[in-house]
**Q** 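Dumping the structure here so I can ask a few things about it.
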Amino acid sequence: MAVLRRRYEVLDHLVLADSPIVLATNAGFTVLTDLRVDSVLPELRAEVEQHETHTAGHREALQRFVLAQRQVRNTPEGYWVAAGDARAAAHALTSSTPLKEVRDAVVMSDGVSRLVTEYGTASWADVFTTLRSSGPRQLIQDVRDTEATDPTGRRWPRYKSGDDAAVAYCQW
């Protein structure tokens, strides 16, 4: 979950799990995200990533990983997500930024942010250029096009595809 709220001359941000908010400021880019999920069950995550996507081995390893994640989701030993447990909101990461410091902002799913964070095929500057010139649909298409060059997940191991991509873009 990622939420951006304009309150008078301030932007409030809330992130819970791995969907980021990226602020384009006069000083560069600020990425606000909650990556606690990445430190949970690294051995099972590695097992999933050993397999090509859409194979039986990948599906079986992913099922083991997801079942194990469910055991630690929304617990102090694990990580927090909004789905199904209102207590998770108390564990969200929150902050504020003066509006005068921000040119524009994007709230996105981790499926979109992978262009920068996982695939390295774009920079945050590229993301904002695409949003300004062509809009969110093009950015999502860029994710799908990138993943199409690696259909088996060998170059960029993953357990989900850009089909879950979502973007909300704001300019001031």
**Q** So do L131 and V127 actually touch side chain to side chain, heavy atoms under 4.5 Å?
**A**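 Counting from C-beta outward, V127 and L131 do come under 4.5 Å.
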**Q** Applying side chain to side chain contact (heavy atoms under 4.5 Å, CB included) to L139 and L115, what does each step give before you reach the verdict?
**A** CA-CA 9 Å; L139 192 60; L115 281 174; 3.8 Å; yes
**Q** Give a yes or no on whether V106 and L35 share a hydrophobic cluster (residues Ile, Leu, Val, Met, Phe, Trp, Tyr; joining criterion: side-chain heavy atoms under 4.5 Å apart).
**A** no
**Q** With sequence neighbours left out, write down each residue that passes salt bridge (charged side-chain N to carboxylate O under 4.0 Å, His left out) with E60, or none if nothing qualifies.
**A**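 Listed in chain order: nothing, the list is empty.
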**Q** When you check the side-chain N and O atoms of S19 and D110, is any donor under 3.5 Å from an acceptor?
**A**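 Distance-only check fails for S19 and D110.
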**Q** If you apply the rule side chain to side chain contact (heavy atoms under 4.5 Å, CB included), what do you find for L93 with L32, and how did you get there?
**A** CA-CA 9 Å; L93 305 178; L32 308 159; over 6 Å; no
**Q** Can you tell me how the ring of F29 sits relative to the ring of F128, calling it parallel under 30°, perpendicular over 60° and tilted otherwise?
**A**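 Plane angle under 30°, so parallel.
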**Q** Charged N to carboxylate O below 4.0 Å: is that the case for E9 and K100?
**A**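 Salt bridge between E9 and K100, a charged N being under 4.0 Å from a carboxylate O: no.
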**Q** Compare all side-chain heavy atoms of W156 with those of E118 and state whether any distance is below 4.5 angstrom.
**A** no
**Q** Answer yes when D104 and R132 have at least one side-chain N-carboxylate O distance shorter than 4.0 Å, and no when they do not.
**A**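 A salt bridge is present here (some side-chain N lies under 4.0 Å from a carboxylate O).
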**Q** Between R158 and D150, does any side-chain N to carboxylate O distance fall below 4.0 Å?
**A** yes
**Q** With side chains defined as the heavy atoms from C-beta onward, is the minimum distance between H58 and V48 less than 4.5 Å?
**A** yes
